[in-house]
Amino acid sequence: MRPFGMNSFAGKRLLALVRGEDYAHAGEEEAIDRVFENLPKRSGQWLLDVGCGRGGTANYVRRGGWGRVVGIDRDGDSLAYARSRYPEVVFAAGDVCEVRRLVSQRFALVYMFNAFYAFEAQREALAALRQVAEEGAGLRIFDYLDRGGLRHNPLIVNGRRIIPHPIERESISGTLEATGWKLVSAEDLHQEYGRWYASLLSRIEARASEIVAVGGEEALDQLRAVYRGILSKIEQGLLGGVLLSSVAVDPC
Ligand SMILES: C[S@@+](CC[C@H](N)C(=O)[O-])C[C@H]1O[C@@H](n2cnc3c(N)ncnc32)[C@H](O)[C@@H]1O
């Protein structure tokens, strides 16, 4: 198998194998429960899962009773898989910046799990998402945080920057405000990210032979390089995790 991006269909399929479910984010169900713990469950409301990948998170949220869920992602192959595996979730294929064209609903909650860091146009994405949000809607961004050194010392594997656009503490509040979102809280998850990635690495080793059977030795080497690299950046204090909670306001 040639080197692949962790956000590609092949990358997410291997991650699902290691994680045992259709998740490509740190902490799997523990992380979802953490993000949703104080959010109201209302069967009539619509929730938007942005960068939903293979759809496992969207389906977990739907099954948990938080509401009806739409997932969007620009990876058409993963969405085709998600549609067939989770027919009770609505899926739409396309770029987040095109979300207004992709969905007809208005959302009480917009959320993302390890997707925002991959957006090349984060400001445009937030502005587009504001347009499909109800008045007073919530926004939850669960993602990587640059703790102050990653920009100058990025993680690169096989020539690819692994976490291209982590959240930056100094600028995120202003970016949210300019696009119609008010930051309410930012909860650090550095310790949890360390624990979750250490656990993921153990699971990669435990399933090494299955990974090789699916993707060959190169796939195993690549998974090890990416996730050892992420854990090392976390342990050096350069990288961490954060949960941002925001509400929709009028853009300034
Ligand atoms: C690390 S995966 C996380 C997937 C999912 N949230 C989960 O937790 O399993 C990031 C996802 O973001 C999607 N993505 C990246 N950039 C995007 C964009 N501009 N518009 C829509 N989706 C995007 C990728 O295709 C990928 O499926």
Side-chain angles (χ1 to χ4, degrees), residues 4-36 47-64 69-83 85-86 89-103 109-129 131-132 139-145 155 157 160-167 179 189 192-193 196-197 200 222-223 226-227 229-230 239 241 243-244:
F4 52 87
M6 296 314 304
N7 281 334
S8 66
F9 179 74
K12 282 176 286 199
R13 187 176 56 145
L14 281 171
L15 279 179
L17 171 73
V18 174
R19 295 182 192 274
E21 263 302 338
D22 285 321
Y23 303 128
H25 65 256
E28 297 103 19
E29 290 169 7
E30 185 185 342
I32 306 174
D33 289 339
R34 181 81 173 253
V35 170
F36 278 81
L47 284 68
L48 180 63
D49 184 324
V50 186
C52 64
R54 292 167 67 89
T57 305
N59 190 56
Y60 184 87
V61 169
R62 180 199 63 76
R63 263 198 299 122
V69 186
V70 176
I72 65 163
D73 201 291
R74 67 176 175 187
D75 170 6
D77 290 339
S78 291
L79 269 205
Y81 165 87
R83 275 198 188 102
R85 176 83 206 272
Y86 305 113
V89 177
V90 178
F91 291 103
D95 193 282
V96 55
C97 294
E98 302 290 314
V99 63
R100 201 165 175 190
R101 188 176 56 73
L102 301 176
V103 303
L109 178 75
V110 176
Y111 67 86
M112 339 181 190
F113 282 85
N114 290 149
F116 190 66
Y117 81 92
F119 300 165
E120 288 94 25
Q122 291 181 331
R123 178 180 284 255
E124 290 78 359
L126 290 172
L129 291 169
Q131 294 188 330
V132 298
L139 172 69
R140 298 281 182 281
I141 305 178
F142 169 95
D143 224 315
Y144 302 104
L145 180 81
L155 174 61
V157 175
R160 205 186 291 265
R161 200 163 168 143
I162 299 302
I163 301 175
H165 310 291
I167 290 168
T179 52
L189 297 171
E192 289 83 350
Y193 265 53
W196 287 332
Y197 280 105
L200 184 65
Q222 186 165 342
L223 283 181
V226 168
Y227 292 103
I230 290 179
L239 177 68
L243 169 60
L244 302 178

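Quick caveat, the model's predicted, so the values are computed rather than measured. Note that the numbering runs from 1 along the sequence shown for the chain. Whatever order the structure lists them in is the order used to number ligands and atoms, beginning at 1.
Remark: Asp95 engages no residue in a side chain to side chain donor-acceptor pair (under 3.5 Å) (not counting sequence neighbours). Take Arg34 and apply the side chain to side chain donor-acceptor pair (under 3.5 Å) test, not counting sequence neighbours, and it matches Glu187, Glu192.
Using cut-offs of 30° and 60° for the angle between ring planes, the Tyr81 and Tyr86 rings count as perpendicular. Between Phe36 and Phe113, the ring planes lie parallel to each other; the angle is under 30°, not in the 30° to 60° tilted range. Classification of the Tyr197-Tyr227 ring pair by plane angle, with boundaries at 30° and 60°, yields parallel.
Distances shorter than 4.0 angstrom occur between a heavy atom of Lys12 and an atom of ligand 1. Taking a 4.0 Å cut-off on heavy atoms, Cys52 registers as neighbouring ligand 1. Heavy atoms of Tyr117 come nearer than 4.0 angstrom to ligand 1 in at least one pair. Gly94 counts as a contact of ligand 1, since one of its heavy atoms falls under 4.0 Å from the ligand.
Judged by distance alone, the side chain of Asp73 and the main-chain N or O of Leu79 form no donor-acceptor pair under 3.5 Å. A distance-only check finds no donor-acceptor pair linking the side chain of Arg85 to the backbone of Gly56 [under 3.5 Å].
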Quiz prompt | Test side chain to side chain contact (heavy atoms under 4.5 Å, CB included) applied to Asp143 and Met112, step by step | solution = CA-CA 8 Å; Asp143 224 315; Met112 339 181 190; 5.7 Å; no
Self-check item: Check against side-chain hydrogen bond (donor to acceptor under 3.5 Å, both in side chains), Asp49 and Tyr60
Solution: CA-CA 11 Å; Asp49 184 324; Tyr60 184 87; over 6 Å; no
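Checked by distance only, ligand 1 and Phe113 come closer than 3.5 Å through their nitrogen or oxygen atoms. Remark: ligand 1 and Ala24 share an N or O pair separated by less than 3.5 Å (distance only, no angle test).
Salt-bridge formation is detected for the pair Arg74/Glu120: a Lys NZ or Arg NE/NH1/NH2 atom is positioned less than 4.0 Å from an Asp or Glu carboxylate oxygen.
Annotation for ligand 1: atoms under 4.0 Å from non-hydrogen atoms of Tyr23 are 9 (O). Near Asn114, meaning under 4.0 Å from one of its heavy atoms, ligand 1 places the atoms 1 (C), 2 (S), 3 (C), 10 (C). Atoms of ligand 1 lying under 4.0 Å from any heavy atom of Thr57, numbered from 1 in the order shown and given with element: 8 (O). Atoms of ligand 1 found under 4.0 Å from any heavy atom of Asp75, numbered from 1 in the order shown, are 25 (O).
Closest to atom 14 (N) of ligand 1 by heavy atom, among Phe119, Phe116, Tyr60, is Phe119.
One finds the CG atom of Asn59 at 8.0 Å from the OH atom of Tyr23 (value rounded to the nearest 0.5 Å).
Of the protein's heavy atoms, Val96 N, 3.0 Å lies nearest to atom 20 (N) of ligand 1. At the shortest separation from atom 1 (C) of ligand 1 among protein heavy atoms lies Asn7 OD1, 3.0 Å. Summary of contacts: the protein heavy atom closest to atom 22 (N) of ligand 1 is Arg74 N, 3.4 Å. Counting protein heavy atoms only, atom 13 (C) of ligand 1 is closest to Asp73 OD2, 3.3 Å. Ranking the protein heavy atoms by distance from atom 8 (O) of ligand 1 puts His25 ND1, 2.6 Å first. Of all protein heavy atoms, the one closest to atom 4 (C) of ligand 1 is Gly51 O, 3.2 Å. Ranking protein heavy atoms by distance to atom 19 (N) of ligand 1, first place goes to Asp95 OD2, 3.1 Å.
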